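Below is one structure, written out as C-alpha cells, with a few remarks after it.
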Number of protein chains: 2
Amino acid sequence: MFGGKWKALILYHLFEDGVLRFSEFRRRMPNVTQRMLTNQLRELEADGLISRTVFPEVPPRVEYELTDLGKTLKPVIHALKEWGDKYAHSVTQKKESSGG
Amino acid sequence: MFGGKWKALILYHLFEDGVLRFSEFRRRMPNVTQRMLTNQLRELEADGLISRTVFPEVPPRVEYELTDLGKTLKPVIHALKEWGDKYAHSVTQKKESSGG
DNA sequence: CGGTATCCCAATTGATACTG
DNA sequence: CAGTATCAATTGGGATACCG
C-alpha cells in the first residue's frame, strides 16, 4: 500500500496543510512528474486514504484531503518523518528528493 | 530505502526476536523466495540497518541482527505494525502475506 | 545450511507532448 | 488548472536449478 515512491510524502503534506490542490502538490514536490503525482493520488484515493473533490469552476479546482482512515496514518507518517529528520543522512542516498 | 516489499517485515521480526538465522527468516516468512530474502537482507545490510555474521562451522550458520542505526527504526516499525493491526483490513488487499 | 545464477514477466517510474 | 496519452527505461519480483 505504501508501494508508491511518493505516497508517504503526499500524505505528509496533507497532514501539514490539511487541504491541497493539485498545483500546490506540484510546488511542494517539484521533482515528481505530473503523471506520477496523478497516479499516486488516484491510488491513495482508491485505497480510501484521501478524498478528491472537484469544483466545477473556471479555472478548474480540485482539492485533496485526508479521509478519516487516512488520518489514522498520522502516527506512521510522523514516525517516518522523525526518523528521516534524524537519521536519513546516515543512509546512502542515490538522489535528493523534494525535501519532505 | 523501504522500497523492498519485505524489508519492513524483516525488521519487524528482528525487533521481535533479536537475532535470526537465514532459515528462521524463511520459517517466519514462508512466501518470500530465497532469492528475495537474500536480496533484501543484503540491501538492509548495505544501508547499515542490520549486520550479518557468518560462523565458520559445519553446517554453516549466519546470524542477522539490528545495528544501532537499525534499532532507531523501532518507532517506525512499531507505528506501522500498530496501524496494520487496526486498519489493514479496511484496505483492499490483493494477496495475503506471511502474517506480520 | 545458506546461499548463487539465470531467465523472464510485471510493476514502477520517467520524459515528453497534448487537452478540456 | 488539472489533468491524459504514449513511449521508453529501469527496477522489482518470482520460479527454478545449482553450489560450497
Side-chain angles (χ1 to χ4, degrees), chain A residues 1-11 13-14 17 19-47 49-65 91-100, chain B residues 1-11 13-14 17 19-47 49-65 91-100:
Chain A
M1 206 196 79
F2 273 169
K5 186 169 170 180
W6 310 106
K7 288 185 185 174
L9 199 47
I10 289 171
L11 293 173
H13 286 302
L14 282 176
D17 296 312
V19 179
L20 284 172
R21 303 175 58 167
F22 191 81
S23 56
E24 293 174 317
F25 277 118
R26 295 217 69 194
R27 275 191 284 280
R28 281 161 180 73
M29 305 159 68
N31 47 27
V32 185
T33 63
Q34 213 163 12
R35 196 181 78 84
M36 285 314 300
L37 184 55
T38 303
N39 198 307
Q40 310 253 305
L41 285 168
R42 294 297 149 86
E43 289 185 22
L44 288 168
E45 188 192 0
D47 280 342
L49 299 176
I50 67 175
S51 68
R52 176 173 179 270
T53 311
V54 182
F55 295 86
E57 308 170 352
V58 179
R61 180 159 61 106
V62 178
E63 289 185 351
Y64 295 89
E65 56 189 318
V91 173
T92 309
Q93 303 273 44
K94 290 166 193 167
K95 206 175 185 181
E96 188 45 34
S97 77
S98 49
Chain B
M1 207 197 80
F2 273 168
K5 185 170 171 181
W6 310 105
K7 288 185 185 174
L9 199 48
I10 288 172
L11 293 173
H13 286 302
L14 282 176
D17 297 311
V19 180
L20 285 172
R21 302 176 59 167
F22 191 81
S23 56
E24 293 174 318
F25 278 117
R26 297 217 66 193
R27 275 191 284 279
R28 282 160 179 74
M29 306 159 67
N31 46 29
V32 185
T33 62
Q34 212 162 14
R35 194 180 78 87
M36 286 314 300
L37 183 55
T38 303
N39 198 306
Q40 311 253 304
L41 285 169
R42 293 297 149 88
E43 288 185 21
L44 288 168
E45 189 192 1
D47 280 341
L49 299 176
I50 67 174
S51 68
R52 176 174 179 269
T53 311
V54 181
F55 294 86
E57 309 170 352
V58 180
R61 180 159 61 107
V62 179
E63 290 186 349
Y64 295 89
E65 55 188 319
V91 173
T92 309
Q93 302 274 42
K94 289 166 193 167
K95 206 176 185 180
E96 188 46 34
S97 78
S98 50

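In what follows, chains carry the letters A, B, and so on, assigned in the order in which the sequence lines appear, proteins first and then strands, with residues in each chain numbered from 1. Values in this document were obtained by computation on a predicted structure and should not be read as measured data.
Here the P atom of nucleotide dG20(D) and the CZ atom of F22(B) are 17 Å apart, to the nearest Å. Computed from coordinates, the Q40(B) CD to dG12(D) C1' distance equals 9 Å when rounded to whole Å. For the pair N39(B) CG and dG3(C) P, the interatomic distance rounds to 12 Å; values are reported in whole Å. When rounded to the nearest whole Å, the span between CZ of R28(A) and P of dA2(D) equals 12 Å. Nucleotide dC7(C) holds its P atom 19 Å from the CE atom of M36(B), rounded to whole Å. Atom P of nucleotide dA11(C) and atom CD of E43(A) are separated by 12 Å, given to the nearest angstrom. The interatomic distance linking N31(A) (CG) with dT12(C) (P) rounds to 20 Å, in whole Å. As rounded to whole Å, 13 Å separates atom C1' of dG3(D) from atom CZ of R21(A).
Between I10(B) and M29(B) there is a side-chain heavy-atom pair separated by less than 4.5 Å. You'll find the side chain of K7(A) stays beyond 4.5 Å of the side chain of L49(A), heavy atoms only. Taking 4.5 Å as the limit, every side-chain heavy atom of T38(B) sits out of range of all side-chain heavy atoms of F25(B). No side-chain heavy atom of E24(B) sits less than 4.5 Å from a side-chain heavy atom of D17(B).
Contact annotation: S23(B) reaches the phosphate of dG2(C) (side-chain N/O to OP1 or OP2, under 4.0 Å).
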Margin query: What verdict does the side-chain contact (heavy atoms from CB on, under 4.5 Å) test give for W6(A) and N31(A), after you've listed the backbone C-alpha separation in whole Å, the side-chain angles of each residue and the deciding distance to 0.1 Å?
Written below: CA-CA 10 Å; W6(A) 310 106; N31(A) 47 27; 4.1 Å; yes

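Both R42(B) and R27(B) lie close to DNA chain C; mapped to their nearest nucleotides by heavy-atom distance, the more 5′-ward contact belongs to R27(B). Map K5(A) and Q34(A) each onto its nearest nucleotide of DNA chain C; the residue landing nearer the 5' end is K5(A). Between L41(A) and R35(A), the residue anchored closer to the 5' end of DNA chain D is L41(A), taking for each the nucleotide with the nearest heavy atom. Heavy-atom nearest nucleotides on DNA chain D were determined for T33(B) and for Y64(A), and the one closer to the 5' end corresponds to Y64(A).
Residues passing the side-chain hydrogen bond (donor to acceptor under 3.5 Å, both in side chains) test with N39(B): none are found, sequence neighbours excluded.
Every pair passing side chain to side chain donor-acceptor pair (under 3.5 Å) that includes a residue from residues 49-64 of chain A is listed here, sequence neighbours excluded: R52(A)-Y64(A), E57(A)-R61(A), R61(A)-E63(A).
Less than 4.0 Å separates DNA chain C from at least one heavy atom of each of the following residues of residues 56-63 of chain A: P60(A).
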